[in-house]
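Below you'll find the structure, written out as structure tokens, and then a few comments.
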Amino acid sequence: MSAYLDNSATTKPTKEAADRVYKLLTEDFGNPSSFHKEGLIANEQMRIAREAIAKSLSCQADEIYFTSGGTEANNLAVFGTAYANRRKGRRIVTTAIEHESVLESVAELEKEGFEVVRLMPDKFGRITEEQIFEAVNSDTILVTMMYINNEVGSILPVRSIKKAVQRANSPALIHIDCVQAYGKVEVKPTKLGADLVTITGHKVHAPKGVGALYVKKGARILPRTFGGEQEKKLRPGTQASPLIAGFGVAVSQFPDFSRLGEKMRELNLYARQRLSEIDGLRFNNDEKSSDYILNVYIPTFMTSQTIVQHLSSQYGIYVSNGSACAKGRKSHVLTAMRLNDKVIEKSIRISFCRFTTKEEIDNLVEALKETTKNYPI
């Protein structure tokens, strides 16, 4: 009995992506900024990856800037926009359920005198279009919002942001954190109305330690680091060409999203049906959420962290009790949803990928049945 169901934390790299990383680590290991043969080979692999990612986003290759991951890309987008546009206004609009890399960034800016508006979700983690329109005004310089929430899978109305900005005659840049959406649903910055889009490798079967920020041509943001010409000086420093090359390979393996969507909808409904067999289990997200994420309350005396450890050690089943970046702290997302402490303390996140099987879901359900039977409330 085993199952890896923590794909929102990280996914297993494909063999082809891992092989490409290894090749650049052991054979084509030149510095991609060097002008000799080995450097040019590494640089060419980065070019191929950049173009693959740009193609997946339907944008230009020179609009892609590589980073060390989603956290760095989010920091660059938030601080870079705020500092570049502070003379145009002081308001930043976001939500209370963003990833910590956004929440903590805007909190730092708030200390510096920026006004931060945090939209609150409903009991299923949803934000409404009306909330966005009410929050954005002519003083707003940045709207930063995730496409799909990483803990409960709620899908935010990000396509409404552009309309709100235009109606308010605001100078705001629009940043969308697409870390949990990229590789699962169509992500096209132009269709989303985004100036900035964050993506990362390890959520799409690429290696950890590499991500990217899409920056629309003409959008002005300031760098956070200095000391090199790489990435057009927006993100200087020697690029991790092995990881970038692996990222590109994984992206080139993306399946057709319409067919993938049908498969994941079926898998999600199957999981909901099977989990509903457990007396007292409660879903914290509704069926309008992403098909890749389920967040559930488990009726046992154990806390969520203990449930995670128990499932891992006793059954070889891997889930989480929230965002991996939170390191076990109480979920700010479930708290913002105003769930009671009992529910928050006993809730786990189950997250799928395109390789998840029904057998893995069956294994999870059987393990949870035994757990709630042996360790009841």
Side-chain angles (χ1 to χ4, degrees), residues 1-19 21-22 150-153 179-180 183-184 200-208 246 250 253 255 260 262-285 289-328 331 345-376:
M1 181 183 289
S2 65
Y4 181 79
L5 298 168
D6 194 20
N7 291 282
S8 287
T10 199
T11 56
K12 179 181 179 179
T14 65
K15 182 181 184 304
E16 294 81 2
D19 287 346
V21 173
Y22 184 73
N150 58 312
E151 290 194 36
V152 296
V179 164
Q180 294 294 339
K184 301 177 178 70
T200 196
H202 72 110
K203 312 293 188 182
V204 296
H205 306 283
K208 301 169 187 64
Q253 294 177 300
L260 178 61
E262 293 173 7
K263 174 189 173 182
M264 299 309 299
R265 171 89 307 223
E266 179 185 349
L267 190 72
N268 181 281
L269 292 174
Y270 180 77
R272 284 181 176 273
Q273 180 183 19
R274 289 299 327 271
L275 288 165
S276 296
E277 298 172 9
I278 301 171
D279 291 337
L281 181 142
R282 165 181 165 177
F283 292 96
N284 296 326
N285 56 350
S289 303
S290 168
D291 291 326
Y292 289 81
I293 298 175
L294 290 175
N295 195 292
V296 297
Y297 160 77
I298 306 298
T300 174
F301 78 78
M302 297 180 181
T303 63
S304 58
Q305 189 167 347
T306 305
I307 295 170
V308 169
Q309 293 169 341
H310 175 75
L311 292 175
S312 171
S313 62
Q314 298 299 312
Y315 301 99
I317 291 174
Y318 306 99
V319 295
S320 73
N321 58 320
S323 169
C325 293
K327 292 285 189 179
S331 168
E345 290 169 0
K346 300 178 186 297
S347 291
I348 63 172
R349 179 186 66 186
I350 304 159
S351 50
F352 313 128
C353 73
R354 68 179 188 263
F355 301 115
T356 301
T357 66
K358 289 183 178 180
E359 181 182 1
E360 289 181 295
I361 292 169
D362 291 337
N363 290 343
L364 169 68
V365 171
E366 294 309 310
L368 286 176
K369 283 183 176 179
E370 289 185 18
T371 299
T372 54
K373 178 183 178 182
N374 296 332
Y375 304 97

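- Remark: Thr306 engages Met302, Thr303 in a side-chain contact (heavy atoms from CB on, under 4.5 Å) (not counting sequence neighbours).
- Pairs of residues two or more places apart, or lying in two chains, never qualify as ring-ring contact (aromatic ring centres under 6.0 Å, His included) while including a residue from residues 264-284.
- Not a single donor-acceptor pair under 3.5 Å links the side chain of Ser290 to the backbone N or O of Gly153.
- Taking CG from Leu368 and CD1 from Ile317, the interatomic distance works out to 7.0 Å, rounded to the nearest 0.5 Å.
- Ring geometry for Phe301 versus Tyr375: interplanar angle over 60°, hence perpendicular rather than tilted (30 to 60°).
- The salt bridge (Lys or Arg N to Asp or Glu O under 4.0 Å) analysis of residues 293-319, with sequence neighbours excluded, yields no pairs.
- Residue-environment remark: CZ (Phe355) exceeds the threshold of 12 foreign heavy atoms within 6.0 Å.
- Of the inter-residue distances, the one linking Arg272 atom CZ with Leu281 atom CG reads 10.5 Å to the nearest 0.5 angstrom.
- Remark: Ile348 CD1 to Tyr297 OH distance equals 12.5 Å, nearest 0.5 Å.
- Using a distance-only test at 3.5 Å, with no hydrogens or angles considered, no donor-acceptor pair links the side chain of Asn363 to the main chain of Ala3.
- Rounded to the nearest 0.5 Å, atoms NZ (Lys346) and CG (Asn321) are 13.0 Å apart.
- A distance-only check finds no donor-acceptor pair linking the side chain of Thr11 to the backbone of Asn7 [under 3.5 Å].
- Remark: the Glu345 side chain and the Ser304 side chain contain no N/O donor-acceptor pair separated by less than 3.5 Å.
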Chi angles and distances behind the side chain to side chain contact (heavy atoms under 4.5 Å, CB included) call for Leu364, Val319: CA-CA 9 Å; Leu364 169 68; Val319 295; 4.2 Å; yes

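- Ala271 and Leu294 make their closest contact through CB-CD1, 3.7 Å (heavy atoms, listed as atom of the first residue, atom of the second, distance).
- Lys263 places a side-chain N or O within donor-acceptor distance of the main-chain N or O of Arg354, the cut-off being under 3.5 Å.
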Residue pair Phe352, Glu360: steps toward the side chain to side chain contact (heavy atoms under 4.5 Å, CB included) verdict: CA-CA 10 Å; Phe352 313 128; Glu360 289 181 295; over 6 Å; no

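- The structure places CG of Leu311 at 10.0 Å from CG of Leu5, a figure rounded to the nearest 0.5 Å.
- Annotation: side chain of Leu267 is in contact with side chain of Ile361 (closest heavy-atom distance under 4.5 Å).
- With respect to Glu151, the side-chain hydrogen bond (donor to acceptor under 3.5 Å, both in side chains) criterion is satisfied by exactly one of Ser320, Ser8, Ser331: Ser331.
- Closest heavy-atom contact between Arg349 and Asn150: NH1-O, 2.6 Å.
- Atom CD of Glu359 sits in a sparse spot, with 12 or fewer heavy atoms from other residues, nucleotides or ligands closer than 6.0 Å.
- In the model, Asn284 has a side-chain atom that pairs as donor or acceptor with a side-chain atom of Ser347 under 3.5 Å.
- Taking the charged nitrogens against the carboxylate oxygens, Lys358 and Glu266 do have a contact shorter than 4.0 Å, which makes a salt bridge.
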Steps toward side chain to side chain contact (heavy atoms under 4.5 Å, CB included) verdict (Ile350, Val296): CA-CA 8 Å; Ile350 304 159; Val296 297; 3.9 Å; yes

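- Open room surrounds CG on Asp279; 12 or fewer heavy atoms of other groups in view lie less than 6.0 Å from it.
- Between the OG1 atom of Thr356 and the OH atom of Tyr292 there is a distance of 9.0 Å, given to the nearest 0.5 Å.
- Residue pairs meeting the salt bridge (Lys or Arg N to Asp or Glu O under 4.0 Å) criterion with at least one partner in residues 289-300, sequence neighbours excluded, are Arg265-Asp291.
- A heavy-atom distance below 4.5 Å is found between the side chains of Lys203 and Gln180.
- Of all the heavy atoms in Gly246 and Ala206, the pair that sits closest is O-CB, 4.2 Å.
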Verdict with supporting geometry, Asp19 and Lys15, salt bridge (charged side-chain N to carboxylate O under 4.0 Å, His left out): CA-CA 6 Å; Asp19 287 346; Lys15 182 181 184 304; 2.7 Å; yes

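- In this structure, Asn285 and Ser289 approach most closely via the heavy-atom pair CB-OG, 3.5 Å.
- Scanning for side chain to side chain donor-acceptor pair (under 3.5 Å) contacts around Lys12 gives an empty result, with sequence neighbours left out.
- Residues satisfying the side chain to side chain donor-acceptor pair (under 3.5 Å) criterion with Glu366, sequence neighbours excluded, are Arg274.
- Judged purely by atom type and a 3.5 angstrom limit, Asn268 has no side-chain atom pairing as donor or acceptor with the backbone of Met264.
- Formation of a donor-acceptor pair under 3.5 Å by the Ser313 side chain with backbone atoms of Gln309 is found in this model.
- For the residue pair His202/Thr10, the side-chain donor-acceptor check at 3.5 Å is satisfied.
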Steps toward side chain to side chain contact (heavy atoms under 4.5 Å, CB included) verdict (Ile298, Thr372): CA-CA 8 Å; Ile298 306 298; Thr372 54; 3.8 Å; yes

